[in-house]
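Notes for the one structure printed next.
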Amino acid sequence: MTDNAVTAMDATVKNASVNDLIEKIRQQALADRVPIIQDEGRLFLEDWIFRKKPRKILEIGTAVGYSAIFMNQVCHSEIYTIERNEKMFQTALKNLRCLPFGKEIHLIFKDALEAVSDLADQTFDLIFIDAAKAQYQKFFDLYTPLLSVGGTVICDNMDFHGLVENSDNEHLSRSVRGLVRKLQSFRSYLQSHPEFETTFFHIGDGISVSEKK
Ligand code: SAH
Ligand code: MG
């Protein structure tokens, strides 16, 4: 066997173990009922990142680090990710420490509504919003000034289990109806935003892609 063959095989083994680690994190998150992105949404994001190769990504809503880790793995984009829940943040930290990589993933333990000044000198090619649905518009307005030229914002859970497009919401609790209304108004906001071209996909729990014009 040549040296090259050994190196190629090492790389395959390494990738396999990284995928095993990501799969373990996924399984644990599902068992703990952590609302991680659905498989379809993950594939969409990975494909998007593979095609566009964003150098820097900002994520709002780390949870246990699952999406930050798989996004980082596509092409080693540098990731900044914000989480306000201490338990989630600690688990994400622990998950990151288990990985043989991850130097490019920066965890920020803060409410995203208060973290923008920490990042004021940075620009991002992709902003991934996956946190409290009632605040999507605030996150969007707060963080889009940090987008690089030609940058993109991707949001998860835009369908909210199909409720956003369903007008028959009588049976829902007040708080769920409130969230549905917020997401509906955020959708209209994106559609009529003069600086962004937005496409909605019924993928996973609904994904929007807003490209800066
Ligand atoms: N992106 C993750 C899932 C995130 S779940 C994945 O797919 O792997 C949403 C997370 O957003 C929760 O952990 C919640 O604590 C966090 N969150 C909600 N609102 C937030 C806010 N205002 N600032 C920071 N984190 C927030
Ligand atoms: Mg989500």
Side-chain angles (χ1 to χ4, degrees), residues 11 14-15 18-19 21-23 25-26 35-83 92 95-96 99 101-108 112 115-116 118-131 133 136-137 139-159 183 186-187 189-213:
K14 211 171 130 201
N15 277 337
V18 166
N19 287 337
L21 281 165
I22 295 176
E23 181 55 21
I25 293 169
R26 190 182 80 92
I36 55 169
I37 190 166
Q38 296 178 12
D39 293 349
E40 267 188 13
R42 172 179 172 179
L43 286 175
F44 180 91
L45 264 182
E46 286 178 331
D47 178 66
W48 192 92
I49 292 169
F50 182 75
R51 285 185 289 110
K52 307 284 179 159
K53 309 239 176 328
R55 212 173 43 79
K56 274 172 73 175
I57 301 174
L58 172 66
E59 174 181 65
I60 302 176
T62 317
V64 296
Y66 171 66
S67 50
I69 290 166
F70 76 66
M71 288 196 292
N72 167 261
Q73 278 303 286
V74 179
C75 59
H76 299 278
S77 309
E78 186 173 15
I79 316 246
Y80 284 76
T81 179
I82 310 173
E83 175 57 56
N95 284 337
L96 265 191
L99 301 170
F101 60 90
K103 288 190 298 291
E104 311 94 338
I105 305 178
H106 312 274
L107 302 183
I108 300 169
V116 73
D118 297 34
L119 298 165
D121 53 345
Q122 317 249 18
T123 57
F124 297 94
D125 308 305
L126 170 64
I127 297 178
F128 175 49
I129 302 180
D130 190 18
K133 289 178 264 297
Y136 272 23
Q137 194 169 319
F139 297 143
F140 190 94
D141 289 341
L142 268 174
Y143 287 97
T144 47
L146 306 186
L147 269 184
S148 56
V149 176
T152 301
V153 181
I154 296 184
C155 300
D156 188 32
N157 306 101
M158 291 297 288
D159 288 346
L183 279 175
F186 179 55
R187 269 176 178 264
Y189 176 76
L190 289 179
Q191 267 160 344
S192 58
H193 201 299
E195 287 163 40
F196 288 86
E197 186 71 50
T198 297
T199 315
F200 298 93
F201 298 92
H202 294 299
I203 286 176
D205 194 30
I207 283 189
S208 63
V209 178
S210 307
E211 296 183 300
K212 203 165 162 184
K213 287 182 191 166

Q: Using side-chain contact (heavy atoms from CB on, under 4.5 Å) as the criterion, list what pairs up with Glu197, not counting sequence neighbours.
A: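 Expected list: Lys213.
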Q.
Applying salt bridge (charged side-chain N to carboxylate O under 4.0 Å, His left out), can you list everything that pairs with Asp39, at least two apart in sequence or on another chain?
A.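 Partners of Asp39 by the salt bridge (charged side-chain N to carboxylate O under 4.0 Å, His left out) criterion, ordered by chain and then number, come out as Arg26.
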(Q) Working note: Leu183 + Asn157, criterion side chain to side chain contact (heavy atoms under 4.5 Å, CB included); need CA distance, chi angles, decisive distance, verdict. (A) CA-CA 9 Å; Leu183 279 175; Asn157 306 101; 5.7 Å; no
State whether the side chain of [X] and the backbone N or O of [Y] hold a donor-acceptor pair below 3.5 Å, judged by distance alone.
X: Ser148; Y: Phe124; answer: yes
X: Glu211; Y: Thr152; answer: no
X: Glu40; Y: Gly204; answer: yes

Q) Which of these, Asn72, Leu96, Thr62, sits in a side-chain contact (heavy atoms from CB on, under 4.5 Å) with Thr81? A)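 The residue from Asn72, Leu96, Thr62 that satisfies side-chain contact (heavy atoms from CB on, under 4.5 Å) with Thr81 turns out to be Thr62.
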Q. Are any non-hydrogen side-chain atoms of Ile37 and Phe70 less than 4.5 angstrom apart?
A.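 Yes; the side chains approach each other to less than 4.5 Å.
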Q: Check whether any side-chain heavy atom of Ile69 sits under 4.5 Å from a side-chain heavy atom of Leu21, and report yes or no.
A: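 Of all side-chain heavy-atom pairs linking Leu21 with Ile69, none is under 4.5 Å.
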Q | Pairs meeting criterion salt bridge (Lys or Arg N to Asp or Glu O under 4.0 Å) with involvement of residues 150-159, two or more places apart | A |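 Qualifying pairs, neighbours excluded: Asp159-Arg187.
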Q.
Please report whether the ring centroid of Phe140 lies less than 6.0 Å from that of Phe196.
A.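 So the answer is yes for these two rings.
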**Q.** Ring geometry between His193 and Tyr189 (parallel below 30°, tilted from 30 to 60°, perpendicular above 60°)
**A.**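 Judged by the thresholds at 30° and 60°, the geometry between Tyr189 and His193 is perpendicular.
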Q) Parallel, tilted or perpendicular for His106 and Tyr80, by the 30°/60° rule? A)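 Because their plane-to-plane angle is under 30°, the rings of His106 and Tyr80 count as parallel.
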(Q) Please evaluate residues Ile36 and Ser67 with respect to the criterion side chain to side chain contact (heavy atoms under 4.5 Å, CB included), reporting the C-alpha separation (whole Å), side-chain torsions for both, the decisive distance (0.1 Å), and the verdict. (A) CA-CA 7 Å; Ile36 55 169; Ser67 50; over 6 Å; no
Q: Start with the C-alpha gap between Gln122 and Leu58, add the side-chain angles, then the distance that decides, and say whether side chain to side chain contact (heavy atoms under 4.5 Å, CB included) holds.
A: CA-CA 10 Å; Gln122 317 249 18; Leu58 172 66; over 6 Å; no
Q. When you look at Tyr66 and Asn95, which way does the side chain to side chain contact (heavy atoms under 4.5 Å, CB included) test go after all the steps?
A. CA-CA 8 Å; Tyr66 171 66; Asn95 284 337; over 6 Å; no
**Q.** Charged tip of Lys52 within 45° of Phe50 ring normal and under 6.0 Å
**A.**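 Lys52 over Phe50 ring: no.
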